[in-house]
Amino acid sequence: MGALDVTNKFEAWTFAGLPGKTLHVALFADVANCKELQDRIKEGKVEPEVAMLNAEVVADLFVMRIAAQQALAQQHRGKLITKSLHAELVYNMSGSRHISESFKRFGVTESCKHLLVACFDAEPQQLQAITDMVAGEQRSLDSLSSVSDEGLIKKVSAAKHTLVKCIAVACNHSTRRLRVTVAAVL
(Lines give C-alpha, C1' and ligand atoms only; values in the text may rest on other atoms or scores of the structure.)
Protein backbone atom coordinates (compact mmCIF):
# COMPACT_ATOMS: atom_id res chain seq x y z
CA MET A 1 0.00 0.00 0.00
CA GLY A 2 1.47 3.34 -1.02
CA ALA A 3 1.57 6.52 0.99
CA LEU A 4 -1.13 8.06 -1.19
CA ASP A 5 -3.49 5.18 -0.34
CA VAL A 6 -2.88 5.69 3.39
CA THR A 7 -3.47 9.43 3.12
CA ASN A 8 -6.82 8.79 1.46
CA LYS A 9 -7.92 6.64 4.41
CA PHE A 10 -7.51 9.57 6.79
CA GLU A 11 -9.91 12.48 6.65
CA ALA A 12 -8.07 15.81 6.63
CA TRP A 13 -9.67 18.68 8.53
CA THR A 14 -8.66 22.33 8.16
CA PHE A 15 -9.44 25.12 10.58
CA ALA A 16 -10.78 28.60 9.91
CA GLY A 17 -8.40 31.31 10.97
CA LEU A 18 -5.47 28.88 11.18
CA PRO A 19 -4.14 28.51 7.63
CA GLY A 20 -1.86 25.56 7.04
CA LYS A 21 -3.06 23.67 10.12
CA THR A 22 -4.61 20.28 9.47
CA LEU A 23 -5.81 17.36 11.51
CA HIS A 24 -5.84 13.91 9.93
CA VAL A 25 -8.43 11.63 11.55
CA ALA A 26 -9.11 7.91 11.13
CA LEU A 27 -11.40 5.40 12.75
CA PHE A 28 -10.05 1.96 13.65
CA ALA A 29 -12.45 -0.81 14.66
CA ASP A 30 -11.78 -4.03 16.57
CA VAL A 31 -8.39 -2.84 17.77
CA ALA A 32 -6.41 -5.68 19.33
CA ASN A 33 -3.53 -3.71 20.90
CA CYS A 34 -5.23 -0.97 22.95
CA LYS A 35 -3.37 -1.91 26.16
CA GLU A 36 -0.04 -1.69 24.34
CA LEU A 37 -0.99 1.68 22.81
CA GLN A 38 -2.12 3.00 26.20
CA ASP A 39 1.20 1.95 27.76
CA ARG A 40 3.19 3.55 24.93
CA ILE A 41 1.29 6.81 25.33
CA LYS A 42 1.91 6.86 29.09
CA GLU A 43 5.62 6.24 28.48
CA GLY A 44 5.79 8.89 25.74
CA LYS A 45 6.91 6.32 23.18
CA VAL A 46 4.36 6.92 20.43
CA GLU A 47 5.92 8.06 17.19
CA PRO A 48 4.52 10.01 15.50
CA GLU A 49 2.73 11.79 18.29
CA VAL A 50 -1.03 11.27 17.99
CA ALA A 51 -4.25 11.69 19.91
CA MET A 52 -6.00 8.37 20.50
CA LEU A 53 -9.61 8.54 21.58
CA ASN A 54 -11.98 5.80 22.60
CA ALA A 55 -14.41 5.99 19.66
CA GLU A 56 -17.09 4.34 21.75
CA VAL A 57 -17.58 7.52 23.82
CA VAL A 58 -17.50 10.02 20.96
CA ALA A 59 -21.09 10.92 20.13
CA ASP A 60 -20.28 12.99 17.06
CA LEU A 61 -17.23 14.21 15.14
CA PHE A 62 -18.46 17.77 15.64
CA VAL A 63 -17.34 17.57 19.27
CA MET A 64 -13.91 16.36 18.20
CA ARG A 65 -13.62 19.21 15.70
CA ILE A 66 -14.41 21.73 18.45
CA ALA A 67 -11.87 20.10 20.76
CA ALA A 68 -9.22 20.26 18.02
CA GLN A 69 -9.99 23.92 17.27
CA GLN A 70 -9.65 24.74 20.95
CA ALA A 71 -6.36 22.85 21.22
CA LEU A 72 -4.97 24.83 18.29
CA ALA A 73 -6.21 28.09 19.81
CA GLN A 74 -4.54 27.25 23.12
CA GLN A 75 -1.30 26.41 21.33
CA HIS A 76 -1.47 29.63 19.32
CA ARG A 77 -1.73 31.62 22.55
CA GLY A 78 1.02 29.59 24.23
CA LYS A 79 -1.44 28.39 26.86
CA LEU A 80 -1.58 24.60 26.53
CA ILE A 81 -2.84 23.02 29.73
CA THR A 82 -1.37 19.62 28.86
CA LYS A 83 2.10 18.66 27.67
CA SER A 84 1.31 18.54 23.95
CA LEU A 85 -1.15 19.59 21.28
CA HIS A 86 -2.39 16.01 20.87
CA ALA A 87 -2.94 15.59 24.61
CA GLU A 88 -4.81 18.90 24.58
CA LEU A 89 -7.24 17.49 22.01
CA VAL A 90 -8.08 14.54 24.31
CA TYR A 91 -8.34 16.88 27.31
CA ASN A 92 -10.72 19.18 25.42
CA MET A 93 -13.09 16.30 24.67
CA SER A 94 -14.11 16.26 28.31
CA GLY A 95 -15.88 18.96 30.24
CA SER A 96 -13.64 18.10 33.20
CA ARG A 97 -10.82 20.36 34.26
CA HIS A 98 -8.90 17.31 35.46
CA ILE A 99 -6.44 16.05 32.87
CA SER A 100 -6.25 12.50 34.20
CA GLU A 101 -10.05 12.24 34.33
CA SER A 102 -10.29 13.44 30.73
CA PHE A 103 -7.86 10.74 29.62
CA LYS A 104 -9.74 8.06 31.57
CA ARG A 105 -13.01 9.08 29.95
CA PHE A 106 -11.95 9.78 26.39
CA GLY A 107 -8.45 8.40 25.85
CA VAL A 108 -7.38 4.93 24.81
CA THR A 109 -7.91 2.36 27.57
CA GLU A 110 -7.23 -1.32 28.00
CA SER A 111 -10.90 -2.11 27.43
CA CYS A 112 -11.30 -0.05 24.23
CA LYS A 113 -12.33 -1.82 21.08
CA HIS A 114 -12.54 1.10 18.65
CA LEU A 115 -10.25 4.13 18.31
CA LEU A 116 -10.31 7.52 16.68
CA VAL A 117 -6.72 8.43 15.90
CA ALA A 118 -5.79 12.02 15.08
CA CYS A 119 -2.54 13.62 14.04
CA PHE A 120 -1.95 17.34 13.51
CA ASP A 121 -0.06 18.39 10.37
CA ALA A 122 0.81 14.81 9.40
CA GLU A 123 2.95 13.76 6.47
CA PRO A 124 2.11 10.62 4.44
CA GLN A 125 4.87 8.59 6.10
CA GLN A 126 3.50 9.51 9.52
CA LEU A 127 0.03 8.35 8.49
CA GLN A 128 1.57 5.07 7.34
CA ALA A 129 3.32 4.71 10.72
CA ILE A 130 0.01 5.29 12.49
CA THR A 131 -1.72 2.69 10.34
CA ASP A 132 1.07 0.21 11.10
CA MET A 133 0.94 0.98 14.83
CA VAL A 134 -2.79 0.31 15.31
CA ALA A 135 -3.83 -3.35 15.04
CA GLY A 136 -7.37 -2.78 13.85
CA GLU A 137 -9.57 -2.43 10.80
CA GLN A 138 -9.62 1.06 9.37
CA ARG A 139 -13.15 2.27 8.61
CA SER A 140 -14.80 5.36 7.22
CA LEU A 141 -15.50 8.11 9.73
CA ASP A 142 -19.11 7.88 8.57
CA SER A 143 -19.35 4.62 10.50
CA LEU A 144 -18.61 6.24 13.87
CA SER A 145 -22.23 5.86 14.95
CA SER A 146 -21.96 2.08 14.48
CA VAL A 147 -19.15 1.85 17.05
CA SER A 148 -20.34 4.54 19.48
CA ASP A 149 -21.80 3.10 22.67
CA GLU A 150 -24.69 5.20 23.93
CA GLY A 151 -24.45 3.52 27.35
CA LEU A 152 -20.81 4.58 27.72
CA ILE A 153 -21.59 8.04 26.41
CA LYS A 154 -24.27 8.40 29.08
CA LYS A 155 -21.85 7.07 31.68
CA VAL A 156 -19.20 9.72 30.93
CA SER A 157 -21.76 12.50 30.86
CA ALA A 158 -24.98 13.41 32.57
CA ALA A 159 -26.82 13.68 29.25
CA LYS A 160 -29.60 11.19 28.56
CA HIS A 161 -29.44 11.20 24.78
CA THR A 162 -26.56 11.20 22.29
CA LEU A 163 -27.69 14.39 20.58
CA VAL A 164 -28.18 16.14 23.91
CA LYS A 165 -24.70 14.98 24.93
CA CYS A 166 -23.20 16.38 21.74
CA ILE A 167 -24.92 19.73 22.21
CA ALA A 168 -24.06 19.83 25.93
CA VAL A 169 -20.36 19.22 25.28
CA ALA A 170 -20.32 21.75 22.43
CA CYS A 171 -21.99 24.38 24.61
CA ASN A 172 -19.70 23.60 27.53
CA HIS A 173 -16.64 24.02 25.32
CA SER A 174 -18.08 27.13 23.72
CA THR A 175 -18.82 28.89 26.98
CA ARG A 176 -15.76 27.71 28.89
CA ARG A 177 -13.25 28.55 26.19
CA LEU A 178 -15.02 30.91 23.82
CA ARG A 179 -12.67 33.79 24.50
CA VAL A 180 -9.65 31.61 23.69
CA THR A 181 -11.10 30.38 20.39
CA VAL A 182 -12.27 33.84 19.28
CA ALA A 183 -8.92 35.36 20.17
CA ALA A 184 -7.06 32.75 18.12
CA VAL A 185 -9.30 33.18 15.09
CA LEU A 186 -9.10 36.97 15.16
Rounded to the nearest 0.5 Å, what separation is found between the CD atom of Gln38 and the CD atom of Glu43?
10.5 Å
Just jot down the side chain to side chain contact (heavy atoms under 4.5 Å, CB included) partners of Ala12, sequence neighbours excluded, or say none.
His24
All pairs passing ring pair (Phe, Tyr, Trp, His ring centres under 6.0 Å) where residues 131-157 contributes a residue, at least two apart:
none
Can you check whether Ile81's main-chain N or O pairs, donor with acceptor, with Glu88's side chain at less than 3.5 Å?
yes
Shortest non-hydrogen contact from Arg65 toward Thr14:
NH1-O, 3.5 Å
Between the OG1 atom in Thr82 and the CG atom in Leu89, the distance rounded to the nearest 0.5 Å is 9.5 Å
Asn54 side-chain N/O to Gly107 backbone N/O, donor-acceptor pair under 3.5 Å
no
Do Val57 and Asp149 have side chains that approach each other closer than 4.5 Å (heavy atoms only, starting at C-beta)?
no
How many angstroms lie between atom NZ of Lys104 and atom OG of Ser94, to the nearest 0.5 angstrom?
11.5 Å
Which atom of Asn92 lies closest to which atom of Ala71, heavy atoms considered:
ND2-N, 3.2 Å
Does some side-chain heavy atom of Leu53 sit less than 4.5 Å from a side-chain heavy atom of Val90?
yes
Does any part of the side chain of Gln75, heavy atoms only, come nearer than 4.5 Å to the side chain of Lys21, both counted from C-beta?
yes
Closest heavy-atom pair and its distance - Ala59, Ile153:
CA-CD1, 3.8 Å
Could you tell me whether the side chain of Met133 reaches within less than 4.5 Å of the side chain of Val46, counting heavy atoms only?
yes
Contact between Leu116 and Leu141 at the side-chain level, heavy atoms closer than 4.5 Å - yes or no?
yes
Distance in Å, Gln138 CD paired with Phe10 CZ, rounded so as to fall on 0.5 Å steps
5.0 Å
I'd like to know whether NZ of Lys35 has more than 12 heavy-atom contacts from other residues, nucleotides or ligands below 6.0 angstrom.
yes
Filter on ring pair (Phe, Tyr, Trp, His ring centres under 6.0 Å), then keep only pairs touching residues 107-129, sequence neighbours left out; what's left?
His86-Phe120
Sub-4.5 Å side-chain heavy-atom contact between Gln69 and Leu18:
yes
Which heavy atom in Trp13 sits nearest to a heavy atom in Leu61, and how many Å separate them?
CH2-O, 3.9 Å
Between Val108 and Val31, is the side chain to side chain contact (heavy atoms under 4.5 Å, CB included) condition met? List the steps.
CA-CA 11 Å; Val108 61; Val31 178; over 6 Å; no
Could you go through the side chain to side chain contact (heavy atoms under 4.5 Å, CB included) check for Arg139 and Ser146 one step at a time?
CA-CA 11 Å; Arg139 291 191 185 165; Ser146 69; 4.1 Å; yes
Rounded to the nearest 0.5 Å, what separation is found between the CE atom of Met93 and the OG atom of Ser102?
10.0 Å
Between Arg97 and Tyr91, is there a side-chain heavy-atom distance shorter than 4.5 Å?
yes
From CD1 (Ile130) to CG (Leu115), nearest 0.5 Å
12.0 Å
Any donor and acceptor pair, going by atom type alone, linking the side chain of Glu137 with main-chain N or O of Asp30 inside 3.5 Å?
no
